[in-house]
Amino acid sequence: MKTGRMPARFRIIISLLFVVLCAAAVGGIVLLRQFSDGGIGPREAARVMLRTGMAVVKRGEVQATTYGEYTNVIFLHHSVGNNLINQGNLRQLFQQQGIDFWDQGYLYDGLRDPSGQVTGFWYPVPGDNTDPDGLARVFAQQPRALPVNALSGLLQHEVIIFKSCYPNSNISSMEHLQSLQQLYTGMRASMAQHPEKIFVLLTSPPLNPAETTAENARYARQMAEWLLSEDFRGGQENLFVFDFYSLLAENDPSSADYGMLRAPYRDGADSHPNAAANQAIAPQLVDFVSASITQYLQE
């Protein structure tokens, strides 16, 4: 039996489809490298592409409670935030307020839904960096209709809570402090472009006395106080600052640990606030967020 060759027109169509698919794959990787600020290889780019694609497909699940009542909250954090959630029962406390609480920690954990389940996708924070410079890169991203970058993913939610971790309280000079202020000022300008969203910034937690100096702790306190001031907030109605720093710090000026993680809230030389700290502060954060939503809706 003679086997005929594939007709020429089908060979042309298949070749064109192959070229289109290759171009789409290369284009997707290029775009994702751009969204993630570059610096990743093809394998990692493909991984980002897959997770981001899932975020696009499942965006309806994320937006299910985004209908103007500000009950869809996300918390962008790392380890201190994770402990606040788990040890302070933060998710359950938000549920009691009728709020759907999503959170994203390290990228390898990805986004968790209001039940605490891992969704299998993420919002691609460049370099998994939630230090002030990393957050500044997120807020400088171009908002898209689909959650193809971190900012666009966060903007699917109505209330966006975010923080940097305790290493960012290791401020070594006035120049260092001023550089951080410039980063936060840029973030504030980005938030002003989204008046329909509420942003809640947590001041960075203080360091354990074993990991800082009195001078650096003094700068850390100045930084926290500046973030709480009108010099920073400037009357911006959709921006609220939770004083996480002062709730954790030793606030007695006569103490050797002034401006550092207070003794009842630390274990050994670790700068992570302990379970006692998280259990005490989690309800205060929930109350603050709820009060911020109420104030925003009344303004």
Side-chain angles (χ1 to χ4, degrees), residues 70-105 112 114 116 130 135 157-166 168-169 184 191 197-208 217 220-230 232-233 236-252 255 257-267 270-299:
Y70 294 87
T71 57
N72 187 334
V73 170
I74 185 167
F75 183 21
L76 181 63
H77 62 85
H78 274 176
S79 57
V80 169
N82 193 59
N83 292 342
L84 190 62
I85 293 168
N86 294 335
Q87 296 175 350
N89 295 316
L90 193 63
R91 193 181 308 279
Q92 294 82 353
L93 292 171
F94 272 114
Q95 287 173 345
Q96 292 169 16
Q97 297 278 351
I99 290 173
D100 287 323
F101 177 79
W102 301 73
D103 79 284
Q104 179 170 303
R112 292 187 291 197
T130 58
L135 289 173
H157 305 265
E158 295 168 310
V159 182
I160 300 156
I161 309 170
F162 62 103
K163 60 172 285 298
S164 288
C165 212
Y166 56 79
N168 299 288
S169 289
Y184 279 108
M191 294 174 224
K197 304 295 179 182
I198 296 174
F199 298 90
V200 179
L201 166 64
L202 275 61
T203 53
S204 295
L207 283 155
N208 189 297
R221 181 174 291 277
Q222 289 181 29
M223 185 69 200
E225 290 174 347
W226 178 78
L227 288 171
L228 288 160
S229 72
E230 279 303 304
F232 171 62
R233 187 166 180 257
Q236 193 161 310
E237 295 180 352
N238 68 333
L239 171 60
F240 300 87
V241 182
F242 180 71
D243 195 8
F244 196 37
Y245 171 89
S246 290
L247 291 173
L248 290 166
E250 174 56 64
N251 295 313
D252 180 0
S255 172
D257 297 342
Y258 181 56
M260 305 174 196
L261 186 61
R262 66 178 69 172
Y265 287 169
R266 65 182 189 245
D267 294 328
D270 188 0
S271 286
H272 289 87
N274 61 21
N278 293 318
Q279 290 162 11
I281 294 173
Q284 298 181 66
L285 176 57
V286 173
D287 289 344
F288 181 86
V289 172
S290 296
S292 298
I293 293 170
T294 299
Q295 180 179 333
Y296 171 84
L297 291 174
Q298 291 174 346
E299 289 178 343

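Keep in mind that the numbers below use all heavy atoms, side chains included, and drop hydrogens, waters and symmetry copies. Count residues from 1 along the sequence.
Put simply, the side chain of R266 gets close to the backbone of L261: a donor and an acceptor are under 3.5 Å apart. Q97 places no side-chain N or O within 3.5 Å of a backbone atom of L93 that could act as its donor or acceptor partner. Checked by atom type and distance alone, the side chain of S164 pairs as donor or acceptor with a backbone atom of T130 at under 3.5 Å. In terms of modelled atom types and a separation under 3.5 Å, the side chain of N251 and the main chain of S246 share a donor-acceptor contact. With T294 contributing its side chain and S290 its backbone, the two residues share a donor-acceptor pair below 3.5 Å. Under a 3.5 Å cut-off, the side chain of K163 and the backbone N or O of L76 do not form any donor-acceptor pair. A side-chain donor-acceptor contact under 3.5 Å links E158 to the backbone of Y70. Checked by atom type and distance alone, the side chain of E250 pairs as donor or acceptor with a backbone atom of D252 at under 3.5 Å. Remark: the backbone N or O of F240 is not paired with any side-chain donor or acceptor of S292 at under 3.5 angstrom. Looking at D257, its side chain never comes within 3.5 Å of a backbone N or O of A263 through a donor-acceptor pair.
Taking both residues in full, the closest heavy atoms of A217 and G259 are given as CB-O, 3.7 Å, listed atom of the first, atom of the second, then distance. Heavy atoms only, all atoms of each residue included: F288 and V241 are closest at CZ-O, 3.1 Å. Of all the heavy atoms in D243 and A224, the pair that sits closest is OD1-CB, 4.4 Å. Contact detail for A282 and G88: the closest heavy-atom pair is CB-O, 3.3 Å. C165 and V80 get closest at one heavy-atom pair: SG-CG2, 3.3 Å. When all heavy atoms of Q87 and N278 are compared, the pair lying nearest together is OE1-ND2, 2.7 Å.
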Item to check | Chi angles and distances behind the side-chain contact (heavy atoms from CB on, under 4.5 Å) call for R262, L248 | outcome: CA-CA 6 Å; R262 66 178 69 172; L248 290 166; 5.8 Å; no

Item to check | Test side-chain contact (heavy atoms from CB on, under 4.5 Å) applied to L285 and L202, step by step | outcome: CA-CA 9 Å; L285 176 57; L202 275 61; 4.0 Å; yes

Next on the checklist: For a side-chain contact (heavy atoms from CB on, under 4.5 Å) check, start with the C-alpha distance between M223 and T203, then their side-chain angles and the critical distance, and finish with the verdict.
Outcome noted: CA-CA 8 Å; M223 185 69 200; T203 53; over 6 Å; no

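Using a 4.5 Å cut-off on side-chain heavy atoms (C-beta onward), F162 and F199 make contact. Counting heavy atoms from C-beta outward, F94 and V289 have side chains that approach closer than 4.5 Å. Side-chain contact between I160 and M191: absent, with no pair of heavy atoms (C-beta onward) separated by less than 4.5 Å. Taking the side chain as every heavy atom from C-beta outward, F101 and N72 never approach each other to under 4.5 Å. Inter-residue side-chain proximity for V159 and I74 is flagged as unmet; no heavy-atom pair is nearer than 4.5 Å. Two residues are said to be in side-chain contact when any heavy atoms from C-beta on lie closer than 4.5 Å; L247 and Q284 meet this criterion. Proximity of W102 to V73: side-chain heavy atoms (C-beta onward) are nowhere separated by under 4.5 Å. In this structure, H272 and Y166 have side chains that are in contact, with non-hydrogen atoms separated by less than 4.5 Å.
With sequence neighbours excluded, the residues that form a side chain to side chain contact (heavy atoms under 4.5 Å, CB included) with N274 are Y265, D267, A276, A277. Residues forming a salt bridge (Lys or Arg N to Asp or Glu O under 4.0 Å) with R112 (at least two apart in sequence, or on another chain): D103. A search for side chain to side chain contact (heavy atoms under 4.5 Å, CB included) contacts involving Q92 returns N89, Q95, not counting sequence neighbours.
To the nearest 0.5 Å, the span separating CZ on F244 from CG on L201 amounts to 11.5 Å. Taking NE2 of H78 as the reference point, atom CD of Q104 lies at 8.0 Å (rounded to 0.5 Å). A distance of 14.0 Å separates NE2 in H157 from CD1 in I198, rounded to the nearest 0.5 Å. Within the model, atoms CG of L297 and CD of E237 stand 11.5 Å from one another, a figure rounded to the nearest 0.5 Å. Rounding to the nearest 0.5 Å gives a distance of 6.0 Å between CG of N238 and OH of Y296. Separating the OG atom in S169 from the OH atom in Y245 is a distance of 6.5 Å, to the nearest 0.5 Å.
Under the 30°/60° scheme for interplanar angles, the aromatic rings of F232 and Y184 are found to stand perpendicular.
Inspection of the N82 and S79 side chains reveals no N or O donor paired with an N or O acceptor under 3.5 Å.
Salt bridge annotation for R91-D100: absent, with no cationic side-chain nitrogen under 4.0 angstrom from a carboxylate oxygen.
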